[in-house]
Amino acid sequence: MAAQAASVPRAYAGIVVDAKSGKVLYESDADEYRYPASVTKVMTLYVLFQELSSGKVKLSTKMKVSKHAASAVPTKLGLKAGSTITVENAIKALVTLSANDMARVIAEYISGSESAFAKRMTSTAKALGMKKTTYANASGLPDSRQVTTVRDQAILAAAIYEHFPDYYKYFQTKSFSYGKRTYGNHNNLLGKNGIDGIKTGYINSSGYNLMTAARTDGKHIVVIGFGFNKGSSRDAKVRELVSKYLPKARSGSYLEVAMIPEPGRLGSNSSSGATVQVASIPVPMPMPSFRSVDTALMMEAPANPQIGVGDVDASVTVASIAPEPVGRPVDLGMPDAIVAVEQAAPTERTTLGEVVGAFTDAYLGAPPAPLGVTRASAPIVPPVGIGDDGEPVDLMTSGSVQQVAEIPAQAQAMPSALLSTPVAGWIVQIGAAPSENGANALLGDATGKVGSLTGFSAFVQRFEKDGQTFYRARFGGFSGKDAANDMCKQLKQAKMSCLAMQS
């Protein structure tokens, strides 16, 4: 298993499960390791929903943004360290914008640190029957230890509806307004043919991922599709699977064999603060057919044997995945784990930098003046100061430009290709980042927000500024000035930066 997890491919894997019968209607490489990307946030929300159901957290609870959370990149709500946000707004930011900073806020509020929260995520996954899943962070940012399978994700997709039907409605949020901005849901299929969620995902090593569900005429299926080279290909395949298999699903009640036992948890009485038992060890139930892989897997170790933030916390059992610390102060605005830490010995905090090395990708701003034929829109977050005196460096426009004859074949075949020179003709630039992964994340985010981009060639161009290397995120293949300008208008409506130019 360790050897398999060490070489996770960027390749298609898919599964369709009848959530009412537990029957697998379709599968392709369903047990092969894949990177979950932002689909990880579904487990983050599952754990948060546990806290809400136990009464320890309310939708109106305000969570503080730490420096670690504020530094999350690249997709983020952009709150400053020291500010607060309600649980409900954080949920909406996750399901629409896929905000990495809000995933960290939730993780730190519940468990005290993101690394501790990752252990709880992994323990919860094992308790649900997700035997080949290991979590290393709350957002899905790149980490080779964070692996899963589409079969495991089908378990989660069914469980989050079965266990939290009242909170499941948040996955149907089509847009979310916060401050002066409105963010649209990245799931282009939401509301079509009964599709009611759940979560998209993209990092360069995973490709385009989607966990979704469809419910209509008393039928309910979950569909997982990972590893696509284009967002349009992902959407087309999932749309095809829903159309083909939803009519074949069971209509009626949920069969016992399809039910997923809910991990036990301890809750609190919000009025008195007394610790009470609200859920006991779940009664063993027949294993749904889509969970009965190889029984030998039940005895295997986690997907990655290395000791790290994604390992199962041996101190966490199925019956106490969300323990309530004894004598927890009431209404102090502090997460349980922080209270527990204050009562026990201090623990060393693990940062994302320790997990994924020097992953410091970020949206780095838009230029203050026109370039080409369109004026740049405002960046998603303010520019990052990286000059000699800490001044912001304009990475949308800085760097030399050279000419080439045509778009290389590799740029057309892959969602992004690294080019030393820009493509010829009219192009659209959406930003720049200090790493290739960061530029790829910009491309994936833009494609998720503006579906019409999937018909164009995405590429990354390397350039240097003041001795540092950066990577532009661009789309090519536009027929002319009008087509490029029209795309920029769509991107600006989606609150993204954009420049149309002729190279």
Side-chain angles (χ1 to χ4, degrees), residues 73-75 202 204 230-231 361-384 386 392-404 406-408 410-412 414-466 468-503:
V73 293
T75 307
Y202 174 87
N204 190 48
K230 292 184 178 180
D361 310 330
Y363 286 113
L364 296 175
L371 177 67
V373 293
T374 61
R375 187 176 187 87
S377 59
I380 291 182
V381 295
V384 175
I386 55 175
V393 174
D394 171 17
L395 297 181
M396 284 286 283
T397 59
S398 57
S400 61
V401 176
Q402 301 176 8
Q403 299 288 335
V404 294
E406 59 183 1
I407 302 174
Q410 60 175 350
Q412 300 177 23
M414 298 294 292
S416 67
L418 180 61
L419 305 179
S420 58
T421 54
V423 301
W426 282 89
I427 63 172
V428 164
Q429 180 171 310
I430 60 171
S435 78
E436 185 181 357
N437 277 344
N440 274 310
L442 287 169
L443 295 170
D445 185 47
T447 305
K449 291 181 178 179
V450 181
S452 54
L453 276 172
T454 55
F456 297 92
S457 299
F459 65 96
V460 174
Q461 180 202 351
R462 180 180 180 274
F463 73 99
E464 292 188 358
K465 174 69 177 179
D466 297 330
Q468 298 185 57
T469 301
F470 300 99
Y471 301 81
R472 289 193 180 99
R474 292 178 164 181
F475 289 91
F478 295 92
S479 59
K481 169 183 174 182
D482 292 341
N485 281 331
D486 180 66
M487 182 57 68
C488 263
K489 290 179 182 179
Q490 295 182 52
L491 285 162
K492 290 176 182 179
Q493 290 175 354
K495 308 300 180 183
M496 296 195 70
S497 299
C498 178
L499 288 175
M501 65 188 77
Q502 189 171 22
S503 61

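With respect to Lys449, the side chain to side chain contact (heavy atoms under 4.5 Å, CB included) criterion is satisfied by exactly one of Thr447, Asp445, Leu453: Asp445. With Leu491 as the partner, the side chain to side chain contact (heavy atoms under 4.5 Å, CB included) test is satisfied by one option alone out of Lys495, Met487, Lys489: Met487.
Residues meeting the side-chain hydrogen bond (donor to acceptor under 3.5 Å, both in side chains) test with Asp486, sequence neighbours left out: Gln490.
Ala439 and Ala473 get closest at one heavy-atom pair: O-CB, 3.6 Å. Minimum heavy-atom separation, Ala484 to Val428: O-CG2, 3.7 Å. Taking all atoms of both residues into account, the shortest heavy-atom contact from Pro74 to Ala441 is CG-CB, 3.4 Å. Taking all atoms of both residues into account, the shortest heavy-atom contact from Ile427 to Gly476 is CG2-CA, 4.1 Å.
Rounding to the nearest 0.5 Å gives a distance of 11.5 Å between CZ of Arg474 and CG of Leu443. Taking NZ of Lys230 as the reference point, atom OG of Ser457 lies at 6.5 Å (rounded to 0.5 Å).
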With side-chain contact (heavy atoms from CB on, under 4.5 Å) as the criterion, how do Tyr471 and Leu442 come out once you've worked through the C-alpha distance, each side chain's angles and the decisive distance to 0.1 Å? CA-CA 10 Å; Tyr471 301 81; Leu442 287 169; over 6 Å; no
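Counting only residues at least two apart or on different chains, no ring-ring contact (aromatic ring centres under 6.0 Å, His included) pair has a member in residues 432-451. Residue pairs meeting the ring-ring contact (aromatic ring centres under 6.0 Å, His included) criterion with at least one partner in residues 477-499, sequence neighbours excluded, are Phe456-Phe478. Among residue pairs with one or both ends in residues 483-503, none qualify as ring-ring contact (aromatic ring centres under 6.0 Å, His included); sequence neighbours excluded. For residues 481-503, no residue pair satisfies the ring-ring contact (aromatic ring centres under 6.0 Å, His included) rule, not counting sequence neighbours.
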